[in-house]
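Remarks on the structure that follows.
Per chain, numbering begins at 1; letters A, B, ... match sequence-line order.
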Amino acid sequence: MKREAEDDGGKVVHFIRQIINRDIENGKNAGRVITRFPPEPNGYLHIGHAKSICLNFGLAEEYGGRCHLRFDDTNPVKEEQEYIDSIIKDVRWLGFDWGEHLYFASDYFGQMYECALQLIRAGKAYVDGLSGEEIRRYRGTLTEAGVNSPYRDRPIDENLDLFERMKDGEFADGEMVLRAKIDMAHPNMNMRDPVMYRILHASHPRTGDAWCIYPMYDWAHGLEDSIEGITHSICTLEFEAHRPLYDWFLDALGVYHPQQIEFARLNLTYTIMSKRYLLQLVKDGVVAGWDDPRMPTLSGLRRRGYTPAAIRDFSERIGVAKRDSIVDIQLLEYCLREDLNKNSPRVMGVLDPLKVVITNYPEGHVEEFDAINNPEDELAGTRKVPFSREIYIERDDFMQDPPKKFYRLAPGREVRLRYAYYMTCTEVIKDEKSGEIIELRCTYDPESRGGYTQDGRKVRSTIHWVSVPHAVDATVRLYDSLLTIPDLAEADKKDYMAYINPDSLKTLSHCKVEPSLRDKLAGYRCQFERKGYFVMDSDSDPTAGVLVFNRTVELRDTWARIAQAGE
RNA sequence: UGGGGUGUCGUCCAACGGCAGGACACAUGACUCUGGAUCAUGGUAUCGGGGUUCGAAUCCCUGCACCCCAGCCA
């Protein structure tokens, strides 16, 4: 039975959908739904932004409306073209399209200026000559009312003159600001005569040196929404206390008035989501860059091998609400595996090779076995995998003294080599000095060709392998979470660096993978059977035989859990 | 301490006066040429105290906890 809180797509009718449904019923905005995703180009987009992107673009799609991609580029000292480019790339990669509707707040600087003039003429804005420090003092505190600036009642003509001279560059940074004249005793601090314009003699990535005054967020944002005819202006919770201001400016101007709706931003366990911290990780060289596969940035996730479909699915599953929350990263990984399981070709790769000589297999002989490319997808077909007398197997698929629950290879024990033969371990060869196992001697059963025998005897385990003479060398990077604790908000220390995982990256440089991987390109995603999902990294140079794989996510590993529980 | 918000399984989201449900996670079992996938089963929640009502997660009162706001950041 379909639940009331779900629509036909099985999606939860969260509070924003409810608002929109109600608006449509009431004929508000003539039933139109126009949303926007308004990033500030001061960093790379991360998984938290993905929630907002999916929400805004998704809602527009659902209701037959549209979503604008709008850069909120009102602060040239922090913003860069590099960020604009990356944001465009990332939103596209996620699978969304804004058609003609790419906008920049800076495109409206002229209109905003005119609107400011209108407020000044209406006696609702004034040029203040107080210093930054003085403005702060005059603002009061959470419990004490503020005090009016001595410049608050400047005559309109003087305000007009001063504001024009601000624009014309007659003053230095910080010398003057334009403020809205609201109420210095307002219990909401945001309403105590907020600054509308500040002087910034900085070059803007788009407008260059055309302006030296730049609008503040509160003044600019509602205006941008209004100009574009946005119906539902969706933002995060911290802007809730700014809504009265959003409304005040639009009402004071008497212009079209979109509705601001706030929802809780995404937090993920073991993940840093603060733009400031992420920037610091990049600048301090803790990670290799914004697209380091350990980063929660979209470019990092992409390089890690995440798929847009998995991220979109995740965004829907986490829901939308107003309470602060932290989503278990395992849900993201679940969505990822679900997509990858259906769509990733299987391949054999040995991460930590242990050489095996099959003593009763003819020397120099090679045969090929058919391997299924994807058991979840018949259309994916099969491929040939070469087999020979010497193979590599995974070092931890063998144990000298196995515990009861370990049923892989051990002395005297028989296992199945995937798609090939049954094989029994007959001898363990160790390094005389270190005692390290350096090679295994095994025998195979010729009757088990293809992985079955007539007698129907059972082998408990199937392991993967790669033929020694056919093996291709590869470097494999194993990633773990960047943080050692699930929630930074509950950290004891203020310094987040104390919680950075020193083992977030492990590089294995002597891995052996099957030859079919030789002709793949960077970005190629596959599953190394029994090991996890991997993607060929851009550091690879397949034509030169340099293969580098990033582990996207591990397979669910029941044995690892048993082994850990046994300790 | 002023203002604005939020409190439901371990986590996230539902239930909008009528049997607290789903997903992830966890546990157990079945199946399996990936200890993968799949399937089955199971446990765990309404912040506290009052009240209204036949009936309260939902309405009222009261208390408590947590988050946001004192940038010329967004």
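- The separation between A/His221 atom NE2 and B/rA74 atom P is 11 Å, rounded to whole Å.
- Among the protein residues, A/Met176 comes within range of no part of the nucleic acid, since none of its heavy atoms lies under 4.0 Å from any strand.
- Taking 4.0 angstrom as the limit, A/Arg561 places a side-chain polar atom (N or O) nearer than this to OP1 or OP2 of B/rA27.
- Within a 6.0 Å sphere centred on CD of A/Glu490, other residues, nucleotides and ligands contribute 12 heavy atoms or fewer.
- Across all strands shown, B/rG7 is found opposite B/rC64 as a Watson-Crick or G-U wobble partner, with both distances under 3.5 Å.
- Taking 4.0 angstrom as the limit, A/Arg337 places none of its side-chain polar atoms (N or O) nearer than this to OP1 or OP2 of B/rC24.
- Of the candidates B/rU11, B/rG36, B/rG35, the closest approach to any side-chain atom of A/Asn341 belongs to B/rG36.
- Contact annotation for A/Arg418: base contact, defined as any heavy-atom pair under 4.0 Å involving a base atom.
- Distance CD (A/Glu490) to C1' (B/rC66): 10 Å, rounded to an integer number of Å.
- As judged by a 4.0 angstrom heavy-atom cut-off over every strand, A/Pro486 is placed among residues making no nucleic acid contact.
- Going from atom NE2 of A/His186 over to atom P of B/rA70 covers 15 Å, rounded to whole Å.
- The CD atom of A/Glu40 lies 10.5 Å from the CD1 atom of A/Ile84; values are rounded to the nearest 0.5 Å.
- In this structure, A/Tyr334 reaches the sugar-phosphate backbone alone: every heavy-atom distance under 4.0 Å involves primed, P, OP1 or OP2 atoms, never a base.
- Distance from the side chain of A/Arg323 is smallest for B/rA14 among the nucleotides B/rG4, B/rA14, B/rG36.
- Annotation: proximity of residues 456-464 of chain A to RNA chain B (heavy atom, distance under 4.0 Å) is found for A/Thr462, numbered in ascending order.
- Atom-to-atom, CG of A/Leu332 to P of B/rA23 comes out at 19 Å; the value is rounded to the nearest Å.
- For A/Asp328, counting side-chain heavy atoms from C-beta on, the closest listed nucleotide (B/rG36, B/rG10, B/rC73) is B/rG10.
- Each of B/rC72, B/rC67, B/rA74 was ranked by its minimum atom distance to the side chain of A/His242; first place goes to B/rA74.
- Between the CH2 atom of A/Trp465 and the P atom of B/rU34 there is a distance of 15 Å, rounded to whole Å.
- Across B/rC67, B/rC24, B/rG36, the shortest atom-to-atom separation from the side chain of A/Arg346 is found for B/rG36.
- Here A/Ile234 contributes atom CD1 and A/Asn56 contributes atom CG; the two are 4.5 Å apart, rounded to the nearest 0.5 Å.
- In this structure, A/Glu40 reaches the sugar-phosphate backbone alone: every heavy-atom distance under 4.0 Å involves primed, P, OP1 or OP2 atoms, never a base.
- In this structure, A/Trp559 packs face-to-face on the six-membered ring of B/rG35, meeting both the 5.5 Å centre cutoff and the 30° plane limit.
- Note on A/Thr141: every side-chain N or O is 4.0 Å or more away from OP1 and OP2 of B/rU1.
- Side chain to side chain, A/Arg36 and A/Ser233 meet the donor-acceptor criterion of an N or O pair below 3.5 Å.
- Comparing A/Ala264 and A/Ala420 against RNA chain B, the residue whose closest nucleotide sits nearer the 5' end is A/Ala264.
- Using a 4.0 Å heavy-atom cutoff across all strands shown, A/Lys531 reaches no nucleic acid atom at all.
- Atom CD of A/Glu333 and atom P of B/rA25 are 10 Å apart (whole Å).
- Look at B/rC73: it lacks any Watson-Crick or wobble partner with both distances under 3.5 angstrom.
- The residue A/Tyr214 sits apart from the nucleic acid: no heavy atom pair falls under 4.0 Å.
- Partner of A/Ile213 under the side chain to side chain contact (heavy atoms under 4.5 Å, CB included) criterion, chosen from A/Val177, A/Leu200, A/Ile199: A/Ile199.
- Between A/Asp183 and A/Arg192 there is no salt bridge, since no side-chain N of the basic residue sits under 4.0 Å from a carboxylate O of the acidic one.
- Distances were taken from every side-chain heavy atom of A/Glu376 (C-beta onward) to each of B/rC72, B/rU11, B/rA37; the shortest belongs to B/rA37.
- Checked against B/rA70, B/rC12, B/rA15, the side chain of A/Arg139 finds its nearest nucleotide in B/rA70.
- As judged by a 4.0 angstrom heavy-atom cut-off over every strand, A/Glu529 is placed among the base-contacting residues.
- An anti orientation is assigned to B/rG5, its glycosidic angle lying beyond 90° of 0.
- What separates CD of A/Glu338 from C1' of B/rC39 is a distance of 15 Å, to the nearest Å.
- Side chains of A/Glu529 and A/Gln527: no donor on one and acceptor on the other come within 3.5 Å.
- Look at the C1' atom in both B/rC31 and B/rG18: the space between them is 42 Å, to the nearest Å.
- When heavy atoms are screened at a 4.0 angstrom cut-off, A/Tyr197 is found touching no nucleic acid atom at all.
- Using a 4.0 Å heavy-atom cutoff across all strands shown, A/Leu178 reaches no nucleic acid atom at all.
- Between the side chains of A/Tyr126 and A/Asp193, at least one donor N or O lies within less than 3.5 Å of an accepting N or O.
- At a threshold of 4.0 angstrom between heavy atoms, the contacts of A/Glu144 with the nucleic acid are absent.
- When the C1' atom of B/rA25 is taken as reference, atom OH of A/Tyr270 falls 12 Å away, rounded to whole Å.
- With B/rG36, B/rA70, B/rC13 as the choices, the nucleotide that has an atom nearest any side-chain atom of A/Arg136 turns out to be B/rA70.
- Each of A/Leu278, A/Leu266, A/Leu268 was checked for a side chain to side chain contact (heavy atoms under 4.5 Å, CB included) with A/Pro296, and the lone residue meeting it is A/Leu278.
- In the set B/rG36, B/rA74, B/rG4, the nucleotide with an atom closest to the side chain of A/Glu240 is B/rG4.
- With A/Glu414 as reference, A/Arg457 is the one residue of A/Arg457, A/Arg408, A/Arg460 to meet the salt bridge (Lys or Arg N to Asp or Glu O under 4.0 Å) rule.
- Judged purely by distance below 3.5 Å, without hydrogens or angles, the side chains of A/Tyr113 and A/Glu164 never pair a donor atom with an acceptor atom.
- In terms of position along RNA chain B, the nucleotide closest to A/Ile326 lies nearer the 5' end than the nucleotide closest to the other residue of the pair A/Gln330 and A/Ile326.
- At a threshold of 4.0 angstrom between heavy atoms, the contacts of A/Phe406 include nucleobase atoms, whether or not backbone atoms are also involved.
- Residue-level contact check: A/Pro375 touches the bases, meaning some heavy atom is under 4.0 Å from a base atom.
- A/Ile318 comes within contact range of the sugar-phosphate backbone alone, with a heavy-atom separation under 4.0 Å but no base atom that close.
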